[in-house]
Structure formats: C-alpha cells, structure tokens
Undergrad: 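This is the structure, below, for whatever I ask next.
Note that the structure is predicted; figures quoted are calculated from it, not measured.
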2 protein chains.
Amino acid sequence: MSTAQDDLTGRARLRDAAIEGFAAQGFDESLRAIAARAGVSAGLVRHHFGSKENLRAECDATVLERYRKLKVDSINAEPSVMFSQLPSSREGGILMVYILRSVRDGGAAGRAFLENLVAEGIEFSADAVARGLVVPSRNEEARVRHLVRQSVGALIVQLGMWPDLALDDFEGVMERFYAESMLPTLELYTEGLFADRTYLDQYLAFVAGTETTPAAPAEETSSHHGKSKE
Amino acid sequence: MSTAQDDLTGRARLRDAAIEGFAAQGFDESLRAIAARAGVSAGLVRHHFGSKENLRAECDATVLERYRKLKVDSINAEPSVMFSQLPSSREGGILMVYILRSVRDGGAAGRAFLENLVAEGIEFSADAVARGLVVPSRNEEARVRHLVRQSVGALIVQLGMWPDLALDDFEGVMERFYAESMLPTLELYTEGLFADRTYLDQYLAFVAGTETTPAAPAEETSSHHGKSKE
DNA sequence: CCAACCGCTATACACACGAGTAGCCTCCTA
DNA sequence: TAGGAGGCTACTCGTGTGTATAGCGGTTGG
C-alpha cells in the first residue's frame, strides 16, 4: 500500500498534493491551497488526516520512503562523484526540494535524511578508501559529516537564491548548478586548495598539544587509549 | 548616527529588537513580539516604520552596514582559514544568525551578503594565489562562489539542526562547529579527496570536447588551453 | 504660559488560517 | 433494489496576524 500509482483515491492524491505543495511553496502552504491543488475541498484534510501536523508527518514518512526506494533503484549506477546521484524525473525533483526544505527548516525528515546520507557516505567512503580511490582521513565520520553538510547546504543556498524555482524545470536547475559546481568540486577534490601543508600540520600539532581531541570527540582513536595524567 | 549604543530612543531600540527577534525566531516573528521584546507597544512599529516590510528592509540595511563595519574592524586580523573571521561577541552572533536566516530564506540581504562575500573571496583568493599559498584554479570566480556556497550552506544546515540555538551562546556553538569542521576542512584543503587525477582529467577532457564550456561561461580560460598533467 | 508637536499607547477592524460540525452523495453490498 | 457506510462538501468558530485610527502625556519653542 501507499505507493504512488496504485491508488489515486482521495487520501493519496491529497498526500501527494501536499508533498508537491510543501516542496513548491514551503511548509506554510495552507490546507486550502493543498486541497485546491488536489482538486478537493479543504475540510477533507481533516477527515483523512486529523490535523495539518499529521498530514505533514505522513508526507515526511512518504518522502523518506520514496527517497530510499529511489536510491535503491539507482544503486550501482556509477556515482561519478560523491552525493551526486540526483534524480532527473519530476517526482525526483519534488522529493529533493521537499527534503532540502525539510533540512532547511530543521524538520525531522531533514534530520533523518541527513543521517541517512551520512551513513551512506561513511559506507561509500570506507569502500572508496579501501579501493584506493579516496585518500584516508584522520576522522572518517567527521569528514563525511562535513561533506554532507557542505553539499546539502550548498543546494539549500542555491534553492534560496532561486525563489521562482519551477519544479518542472528542476532537472534543468540541477544541471545548471552542477555545471557551475563540477569544476570547482573536482579541482578541490583532486588538487586541494592550499599549496603546502603548514596549516594542517599546525592544526595537528595544536590538537596533539591539547589532551582532549576536539576533532574526534566520541570514539577512541585507535588503540592508544592511555592518556597521560589521569 | 545609527550606531548601536548612542541613541537608545524608541526607533533604534525597536529596530535592534526586531533584528534580535528575527535572528532568534525567524522572520515570521510577529510585530507584537518584537514590540514586547523592545519593551514598547505594538502599534508603535507602524508609526516609526510604515509596515513590517519597511521594518524588515531597515533591519536588512542596518545588519549589512554593521557587518561591513565589523568586517573592516577585524581586517588584518590574520584570517587563519578562508571565511572564518567569525565574530565572538553577542552582537556579532546576532548579526551572523540574521544573515544566515536571510540567505536561507532568499532575502535581499542574504543575496547582498553572499555577493559581498564572493567579492571579498575573489580578492583574497587572488592575493593568496599570487603569494603561492593557494593553488590556482581554472575558474577563480567559480571556485570562490562554490566555496562560499558550501561554507554558508554548511552553517545554515547546522543552524537548522540546532533549533534551540541560544544567541547568547553563539560563540560556543560556533566554536563547537569549528571544532568538528576544522580537521575535515584542513584535510580537504591540503590533501584533497581523490587519490588520483582521473576524475578531474576526464571532466576536463569532456569539457574540452564540447565547444561551449559550461564551467567557464563568460571569460576565456586564459591561454593555456591545451593543458596536460604536470 | 501655552500651544503645537512628537513619541507612545490602547483599541478596533479586516483578513487568513487551522480546527470543527453537519449533512449530501456516491458506491458497494446483500 | 433497498440499505448503509464512507468519501466529500459547505459552513461556522476561535485565534492570531498586519494594518489602521483616536487619543494621552511629556517636551519644546514662541
């Protein structure tokens, strides 16, 4: 149940319209507008879902489920660059914008999406490091979290700077975004930014000076557990 | 005139309260709440500023002006890493959150702030490249725009994931953010991410194939068109 | 002295929103 | 074909918002 195409009856239509409306206009979209988008009356929302909050929750769950499904479908589809397996269909665009909006507003779906992306990235990164494609990091999770934060954040900034974002043209927008981001990304990822290692080495020396390592807060850094004065 | 401390008379107090309220609660903060924060009545907003939109516009202008002032004050203060000359005072935190919110919502102040940051970054980057601190890019402006987008976006994501952001503890929040972002940033900037140049070279070859260069739309990519792996 | 002015408050109005209620209308079943 | 259950609509209510108007009180200039 609750897939996209099998039941177009009321509730599902309303839910999809809500997802689309939330993605297009933000989560302040009124129930009336959503109902109008679905071609039904406003009060129907209350009969199917108890409140707007419930509707939002169900939209979140549906979007997350569809994202996972879409991700699984496009797996082994050679991700040319990390975090770039972007959808090209209209539905994929709606999903993406919905998720970006959710992250933007600090919603639960956004947090879940980020955690999902981080877990996926850690796995992917570990594999890539093992295969020698990616240089290792002193804190793999911190690196992945940083990359996820930056990638998603850049998309959110782009989304904010495109107020008249048309969901129909989402693929075009993404294409344009990638066109102007691909070169800097690849340059940064292969050639770095700094010409020498002084900044990094200085920071590493500074961190080594302080006993508590702020970069690796939780996990024990390999085996040298015994700290100095205890 | 129009500095923070000299005139505490009504209008300025209200404007500052609006800035603080917008930063703390978002731009949907009601006029009554702003008035209450300023310790005055609600209708006063209308007498000083015609409407909420006008108030918002004046807040934007004030924030931008203060940001520029704060930036000028802290110039030559050795930016250890690009885009990290962050304020540590409470007022600076308010300014920063206000600007982040403005970028997030696609406001005019946000766009102006981004453009300001890009211009500043281009200048800084050119200088750093000339001094041999930073490796050159095939499209400096695209790289700066990319870095700005990513840096600001990462902060916005962090902001969204911290719903109970206390403006008083802003420096602590930023400190924590930098503590967990510093290592990945420095690693990425000095050691890159990819172990070899294949991805970049493939992309450059692909771009060289198509006549229209999507990454460098306007400017000609100087003279050394036929590049090679050094 | 006083009167015009300005900062400010209190109250009211129009509007949009989410929430809630009653009833029609269709389709499915026996 | 009769009955009933559920999808759906029209309407109403309370609330919160931005906007607007009338009026009070202190300050200042003639």
Undergrad: Do any N or O atoms of the protein come closer than 3.5 Å to N or O atoms of nucleotides 8-12 of chain C, and which pairs are they?
TA:
residue, atom, partner, partner atom, Å
C:dC8, OP2, B:His48, NE2, 3.0
C:dC8, N4, B:His47, ND1, 2.9
C:dT9, OP1, B:Ser41, N, 3.4
C:dT9, OP2, B:Ser41, N, 2.6

Undergrad: According to ring-ring contact (aromatic ring centres under 6.0 Å, His included), does anything in residues 140-159 of chain A pair up with another residue at least two apart or in another chain? List the pairs.
TA: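 Output for this query is empty, none listed.
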
Undergrad: Only counting residues at least two apart or in another chain, list the ones meeting salt bridge (charged side-chain N to carboxylate O under 4.0 Å, His left out) with B:Arg104.
TA: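 Residues passing salt bridge (charged side-chain N to carboxylate O under 4.0 Å, His left out) with B:Arg104: none at all.
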
Undergrad: In whole angstrom, give the distance that lies between atom CZ of A:Phe49 and atom P of C:dA19.
TA: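 For the pair A:Phe49 CZ and C:dA19 P, the rounded distance is 13 Å.
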
Undergrad: For B:Tyr199 and A:Tyr189, run ring-ring contact (aromatic ring centres under 6.0 Å, His included): C-alpha distance rounded to whole Å, both residues' side-chain angles, the deciding distance at 0.1 Å, then the answer.
TA: CA-CA 9 Å; B:Tyr199 288 125; A:Tyr189 283 179; 9.7 Å; no

Undergrad: Under the ring pair (Phe, Tyr, Trp, His ring centres under 6.0 Å) test, which residues partner B:Phe49, sequence neighbours left out?
TA: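 For B:Phe49 there are no ring pair (Phe, Tyr, Trp, His ring centres under 6.0 Å) partners, ignoring immediate neighbours.
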
Undergrad: List in chain and number order the residues that pass side chain to side chain donor-acceptor pair (under 3.5 Å) with A:Ser102, two or more places apart in sequence or in another chain; answer none if no residue qualifies.
TA: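 Checked A:Ser102 against side chain to side chain donor-acceptor pair (under 3.5 Å); zero matches.
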
Undergrad: Mind listing the residues from residues 51-61 of chain A sitting with a heavy atom below 4.0 Å of DNA chain C? Number order is fine.
TA: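 Correct list: A:Ser51, A:Lys52.
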
Undergrad: Considering residues at least two apart in sequence or located in another chain, which fulfil the side chain to side chain contact (heavy atoms under 4.5 Å, CB included) criterion with B:Arg46?
TA: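 Testing B:Arg46 for side chain to side chain contact (heavy atoms under 4.5 Å, CB included), a comparison that skips the adjacent residues, returns none.
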
Undergrad: Rounded off to whole Å, could you give me the CZ-to-C1' distance for the A:Arg46 and C:dA22 pair?
TA: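 Taking CZ of A:Arg46 and C1' of C:dA22, I get 13 Å after rounding.
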
Undergrad: Could you tell me which residues satisfy side chain to side chain contact (heavy atoms under 4.5 Å, CB included) with B:Ser51, sequence neighbours excluded, listed by chain and number?
TA: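 Counting only residues at least two positions away or on another chain, B:Ser51 forms a side chain to side chain contact (heavy atoms under 4.5 Å, CB included) with B:Glu53, B:Asn54.
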
Undergrad: Apply ring pair (Phe, Tyr, Trp, His ring centres under 6.0 Å) to B:Phe27 and list each qualifying residue two or more places apart in sequence or on a separate chain.
TA: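 Expected list: B:Phe22, B:Tyr98.
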
Undergrad: Show me the pairs that pass salt bridge (Lys or Arg N to Asp or Glu O under 4.0 Å) and involve residues 21-34 of chain B, at least two apart or across chains.
TA: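 For residues 21-34 of chain B: B:Glu29-B:Arg37.
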
Undergrad: Rounded off to whole Å, could you give me the CD-to-P distance for the A:Gln25 and C:dA16 pair?
TA: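 Atom CD in A:Gln25 sits about 16 Å away from atom P in C:dA16.
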
Undergrad: According to side chain to side chain contact (heavy atoms under 4.5 Å, CB included), who are the partners of B:Ala38, at least two apart in sequence or on a separate chain?
TA: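 Side chain to side chain contact (heavy atoms under 4.5 Å, CB included) list for B:Ala38, sorted by chain: B:Leu14, B:Ala17, B:Val40.
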
Undergrad: Provide the start and end nucleotides, 5' to 3', of the part of DNA chain D that has atoms under 4.0 Å from heavy atoms of chain B.
TA: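 So the outermost contacting nucleotides come out as D:dT17 to D:dA22.
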
